[in-house]
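Everything below concerns the one structure shown next.
All chains are named by letter (A, B, ...) in the order of the sequence lines, taking the proteins before the strands, and each is independently numbered beginning at 1. All figures in this text were calculated on a predicted structure; none of them were measured in a lab.
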Amino acid sequence: MNPQKRIAIYGKGGIGKSSTASNVAAACADEGYNVMIIGCDPKSDSSITLLGGKRIPTILDILRDGMEIEEEDEVVFEGYKAVKCVEVGGPEPGIGCAGRGIIVAIQKLKKISQSMKEMDLIIYDVPGDIVCGGFVAPIRKGLVNEAYVLTSGEYMPLYAANNICKGLSRINTKLSGVICNSRSVSREEEIVNKFANEIGSELVAFIPKEQIVQDCERDGYSVLEKAGDTDIAEVYRTLARNIMASDCAVDPRALADERLRELTR
Amino acid sequence: MQQKNLSIMHPRPSSIVAALYTLRDLNVEVAILHGPPGCSFKHARLLEEDGIRVVTTALDENGFVFGGHDRLVDMLQKVEERFSPKRIGVVGTCVSMIIGEELHEAVMEANLDAPVIEVEVHAGYNDNTKGVLFALESALDVGIIDRQEFERQQHLLNEATNVEKKYGAASKDYLEPSRGDVKYTVAKRVIEMLKAGKKGICILNAKKETAYMFADITVALQEVAEKLGVEDNIVNFANLDTELGLPRVRQHAEHILADMDNNVKIDEIIGGLDEYPIAGQQVRQLIESKYRDFDFAVIAGVPHAIPMEALEGMELISITNGPRQVHPLKDMGHKHVLVEIDLHPKTLGVTNIVESEFGATLRQLAREE
């Protein structure tokens, strides 16, 4: 049996992490893998397209009501092709401490979930900005063993991706690859490919910007479920196979800011 | 899903402090509090009297904002250099846990020779026994205690929590603290009963080191009964088993028994010094089988852990060290309830029985007879 893959997808907020994560989850499920997706964003929308657009109760929703969680089926729900979906949840924006929320929820999940052990792939969909200690809880608690960085060819997302690489080396986590979620800017694939090489990693997928992704999302479905015969579905499938086969994680070397600017010029 | 506990208004024991006391029982020589300098100050100070050094990483506003990892690594190394302890503990605090500090990473990085017990704990738990449990779990992980002892302790902690919820300081949403009854009046009543030829059971059911003072009541009662020539009317129960509990706890029992020497005979051992939550069952069986016709009972330590059915028909004189325990004991039906104020600090760092106020009062009144 292959060792369990436990990955986190990092990247600038709004760059398409949740959409990529849920499509990869669906593609792996299509291949027959046992997959779990754990949404760590207080917005709790990581798994929504695997559940036909429905929201599930989050771990922190239940804890907030003063209830104890004892069985995993209170917070683990099956979506498309039996992908197990979990949402951490969190406080309303501007109050409490979302970071602590992630720590508490992840500890709780680890304690009650039996099925985590049986998974071939667990995807942690983490918030874009690692603003405090809690947001790296999945990694710190030894739950994640590989990271991917998602970016476009624009300067700001690349800047964020570069920063994330600095963060990863600080917390001793290896980078398994860079994924480009295209915004259709000029020379995009070339720029991201170069960036990936220079930090010591590789570009593992180039996801073109297609209206169909947005259409499926609006309906509450993944591309794999609603438009499985499209080219873009094939891109996700290739990425999914790539992730499951990957064995060359590296310690990324972040670039100096001037070099990053040069790249995007 | 299970509903959580009632919301209690009065301040409660802290799980951080509970973890510190547990580290002491595990013979940790230096405990590092990872948090603000004032966190758990009073107990940290008291614990030093008991031979364990407590230091703090003294996180300040900058530490809260930027994290305290480096300070903790430094502190671990400094502790090793300066004190060369054989065993170290690291204890979390509210602030370090909220900002997501990883004690384990710092311990790995510091790479010390001595084993380090890591306790990820804050004070936000309803049951302060959580602090004890986390410390014991970690001690189990590093091989300082075995699984059998861990499970035994876990059982005792659950029972202790149940006792507190049913009859103790966690039984009501607010409990008024009280000094209890006047010791002089109650001592007079005890002497009156002894003189009238009444038969009494003296039960020491104390928690760990608090027994150093609660045991003085057993000794005083014995002295008074002898003076009045009625020593045969008193039987002594005590949770002073020297074969149960962590080594330090067993030692307390040995010290106390040695100090009692030949003056006091303990008729019935009802468990170890950490078995106060469950010793009540033993007491019940003993009374039912051998001591049914007794008129009164003097119970010191954790009187609320003795089931009331066992004590039916007896006049009860109970001595606690918790001002918030007075009303619950009265509600249970304990006629006289006394508080030994500030008992705990006086029982740290000692190896002999320490005089109690009630014991002193009994002795004085007996002298005046």
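Looking at residues two or more places apart in sequence or on another chain, you find a side-chain contact (heavy atoms from CB on, under 4.5 Å) between Asn162(A) and Phe195(A), Ile199(A), Ala254(A), Leu255(A), Leu260(A). Considering only residues two or more places apart in sequence or on other chains, Tyr167(B) meets the side-chain contact (heavy atoms from CB on, under 4.5 Å) condition with His304(B), Met332(B).
Remark: Arg261(A) is positioned above the aromatic ring of Tyr155(A), its terminal NZ or CZ atom under 6.0 angstrom from the ring centre and at most 45 degrees off the axis.
Partner of Val75(A) under the side-chain contact (heavy atoms from CB on, under 4.5 Å) criterion, out of Leu60(A), Ile56(A), Thr58(A), Ile62(A): Ile62(A) alone.
Contact residues of residues 77-106 of chain B toward chain A are Met97(B), Ile98(B), Ile99(B), Gly100(B), Glu102(B), Glu105(B) (heavy-atom distance under 4.5 Å).
Residue pairs satisfying the side-chain hydrogen bond (donor to acceptor under 3.5 Å, both in side chains) criterion with at least one member in residues 132-154 of chain B, sequence neighbours excluded, are listed as follows: Glu149(B)-Arg152(B), Glu149(B)-Gln153(B), Arg152(B)-Asp274(B), Arg152(B)-Glu275(B), Gln153(B)-Asp274(B).
Interatomic distance, Cys40(A) SG to Leu109(A) CG, rounded to the nearest 0.5 Å: 9.0 Å.
For His69(B), no part lies under 4.5 angstrom from a heavy atom of chain A.
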